[in-house]
Amino acid sequence: MKELWKKRQALVERALTEEMAKTPVLDDTLRASMEYSLMAGGKRLRPVLLMAAADAVGADGTKFLPVACALEMIHTYSLIHDDLPAMDNDNLRRGKPTNHVKFSEGIAILAGDALLTLAFTVILRQKDVPAEALLRVVDEISRAAGAEGMVGGQVLDLAAENCQITMEELRRVHMGKTGALFHAALRSGAILAGASEEQLAVLTAYADHFGLAFQITDDILDVIGSAEELGKPVGSDEKNHKSTYVSLTSLAEAQELARNTVEEAVAALDGFGTEADFLRALVTYLVNRKQ
C-alpha cells in the first residue's frame, strides 16, 4: 500500500507542476504564493483516494489525474485560508512558514482564491470521459467545496469556538470541513470510472467512515503528536477552545472510536474483491499514522 501510495504521490506531484505550467498568472508574486503551498508536499491523500476509487471499480485511476489535481488545489486553498489570523492563526504548515507569513495576508487570500478557481479549469482539461460524467463530477466537487460542504463546515467550526457542543454537532462540523472532500474524491473517482450506482453507494459509505476516522485521528494527534512529525503546531484545538473527539470523550475513548470507525470502513467494502485492497489498507494504516 505504501509503495503504491508513493508512486501515486509522485504522479500527482508531476501533474501539479504541469498544470501550473499551463496556467497564465498575471503576477509573479501570486504565482509564487500559489506554488509555495501547492508544491509543499503533503500526503496528496484526496488525489490518491480518487484514483483508488477508480481502480476499485475496474478502471486505471491514473487516467484521471487532472481531476485528482483539481481536488488537491481545492484542498490547498482551504489550508491557506484555514491558517489565516482570522481563522486558526497558525504560523507553520508542513514544516514551513504558512502562506500568509511568507507572502502577507492579502496575497495568501488571493492565492487561495486563485487555486480554487483554477481547480475547475483543470477539471475541464480531463480527457476521455463522457461529458455527462464530467458534469456530474463538477457538481460533486463544487458542492463538497462550498456552503453545504467544506466552507459550511468551516463556518460551523468557527461558531463552535469557545462553546461546548454535542458529539452530533461535532460530527456535522467535520462531515463538512474535512469529510466533504474525501466524499467527493471517492465518488468522483467512481463516477469517472463508470461505476454502477451500487458500487457508488458502497464507496460513499466507505468515504463517510474514512472521513470520520481521519478526523478523529487528527484530533488525537493534536494531543499526542509532535510538531516535528506533523509539520505544524500541536495543541491548536485547545488554544482555539475547540471541541474535539478527545475533549468530548477522552483520549482512550477517541482511540477506540477511531478503531471502530476503521472497522466499519473496511466492512463497507465487503462487496468488492482484491481491487479494493488499497482502500482497505489505507484506512487501516490511517488510524496508526503519526502525521
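One-based numbering along the sequence shown. Everything numeric in this text was worked out from a predicted model, so none of it was measured.
Note: Ile224 CD1 to Asp219 CG = 11.5 Å, rounded to the nearest 0.5 Å. Note that OG1 of Thr17 is 3.5 Å distant from CE of Met39, once rounded to the nearest 0.5 Å. Distance check, rounded to the nearest 0.5 Å: CG of Asp88 to NE2 of His81 gives 13.0 Å. The distance from atom CD1 of Ile220 to atom CD of Gln215, rounded to the nearest 0.5 Å, is 10.5 Å. Summarising the geometry, atom CG belonging to Leu286 is positioned 13.5 Å from atom NE2 belonging to His209; distances are rounded to the nearest 0.5 Å. In this structure, the separation between CG on Leu118 and CD1 on Ile123 is 10.0 Å, given to the nearest 0.5 Å.
Between Lys6 and Glu3 there is no salt bridge, since no side-chain nitrogen of the basic residue lies less than 4.0 Å from a carboxylate oxygen of the acidic one. Salt-bridge formation is not detected for the pair Asp139/Arg136: no Lys NZ or Arg NE/NH1/NH2 atom is positioned less than 4.0 Å from an Asp or Glu carboxylate oxygen. Contact check on Glu19 versus Lys22 returns a salt bridge, with a Lys/Arg side-chain nitrogen under 4.0 Å from an Asp/Glu carboxylate oxygen. Of the charged side-chain nitrogens involved, at least one lies within less than 4.0 Å of a carboxylate oxygen, so that Glu35 and Arg31 count as a salt-bridged pair.
More than 12 heavy atoms of other residues, nucleotides or ligands shown are found within 6.0 angstrom of CZ on Arg143. Summarising the local packing, CG of Asp128 is surrounded by 12 or fewer heavy atoms from other residues, nucleotides or ligands at distances under 6.0 Å. Taking a 6.0 Å sphere around CG of Asp60, one finds it holds more than 12 heavy atoms contributed by other residues, nucleotides or ligands.
With hydrogens and angles ignored, the 3.5 Å screen pairs a side-chain donor or acceptor of Gln9 with a backbone N or O of Gly42. Put simply, the side chain of Gln126 gets close to the backbone of Lys63: a donor and an acceptor are under 3.5 Å apart. No side-chain donor-acceptor contact under 3.5 Å links Ser247 to the backbone of Ser243. In this structure a side-chain-to-backbone donor-acceptor pair under 3.5 Å is missing from Thr274 to Asp277. Side chain of Glu72 to main chain of Arg46: no donor-acceptor pair is present (N/O by atom type, distance under 3.5 Å, no hydrogens or angles). Checking side-chain atoms of Trp5 against main-chain N and O of Lys43 turns up a donor-acceptor pair under 3.5 Å. No side-chain donor-acceptor contact under 3.5 Å links His183 to the backbone of Thr204.
By the 4.5 Å heavy-atom criterion applied to side chains, Val101 and Asp83 are not counted as neighbours. Using a 4.5 Å cut-off on side-chain heavy atoms (C-beta onward), Phe214 and His174 make no contact. Looking only at side-chain heavy atoms (C-beta outward), Leu50 and Leu192 come within less than 4.5 Å of each other. Within the 4.5 Å cutoff, side-chain heavy atoms of Gln164 are placed close to those of Leu248. Leu203 has its side chain out of reach of Leu200: every pair of non-hydrogen atoms, C-beta onward, lies at least 4.5 Å apart. Residues Ile216 and Leu212 have side chains in contact (heavy-atom distance under 4.5 Å, counting atoms from C-beta outward). Counting heavy atoms from C-beta on, the side chains of Phe278 and Arg8 never come closer than 4.5 Å.
Contact record, Asn99 with Ser37: ND2-OG, 2.8 Å, taken as the closest heavy-atom pair. Shortest non-hydrogen contact noted between Leu65 and Val12 is CD2-CG2, 4.1 Å. Nearest heavy-atom pair, Leu170 versus Thr244, reported as atom, atom and distance to 0.1 Å: CD2-C, 3.4 Å. A pairwise comparison of heavy atoms in Val202 and Ala268 identifies CG1-O, 3.0 Å as the closest pair. Across all their heavy atoms, Val137 and Ser188 have their closest contact at CG1-OG, 3.7 Å. Across every non-hydrogen atom of Arg94 and Ala40, the tightest pair is CD-O, 3.8 Å.
Note on Val67 and Val48: separate hydrophobic clusters, where clusters join Ile, Leu, Val, Met, Phe, Trp and Tyr whose side-chain heavy atoms are under 4.5 Å apart, directly or indirectly. Hydrophobic clustering places Met20 together with Leu124 (ILVMFWY residues linked when any side-chain heavy atoms are closer than 4.5 Å, directly or through intermediates). Put simply, Leu38 and Tyr77 are part of the same group of oily side chains (I, L, V, M, F, W, Y) that touch within less than 4.5 Å, one to the next.
The side-chain contact (heavy atoms from CB on, under 4.5 Å) test with Leu279 singles out one residue from Leu186, Thr284, Val266, Asp55, and that residue is Leu186.
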* Output, in order, the C-alpha distance, side-chain angles, deciding distance and verdict of side chain to side chain contact (heavy atoms under 4.5 Å, CB included) for Leu156 and Lys177. => CA-CA 9 Å; Leu156 294 176; Lys177 183 180 176 181; over 6 Å; no
* Asked: Under the side chain to side chain contact (heavy atoms under 4.5 Å, CB included) criterion, do Lys7 and Leu11 qualify, and how do the steps go?
  -> CA-CA 6 Å; Lys7 288 180 180 178; Leu11 286 175; 5.8 Å; no
* Is there a side-chain hydrogen bond (donor to acceptor under 3.5 Å, both in side chains) between Asn260 and Glu264 once you walk through the steps? -> CA-CA 6 Å; Asn260 291 341; Glu264 290 172 343; over 6 Å; no
* Test side chain to side chain contact (heavy atoms under 4.5 Å, CB included) applied to Met167 and Tyr245, step by step -> CA-CA 8 Å; Met167 186 70 80; Tyr245 289 99; 3.4 Å; yes
* **Criterion side chain to side chain contact (heavy atoms under 4.5 Å, CB included) on Leu71 and Leu49, from CA distance to verdict** => CA-CA 10 Å; Leu71 278 172; Leu49 281 169; over 6 Å; no
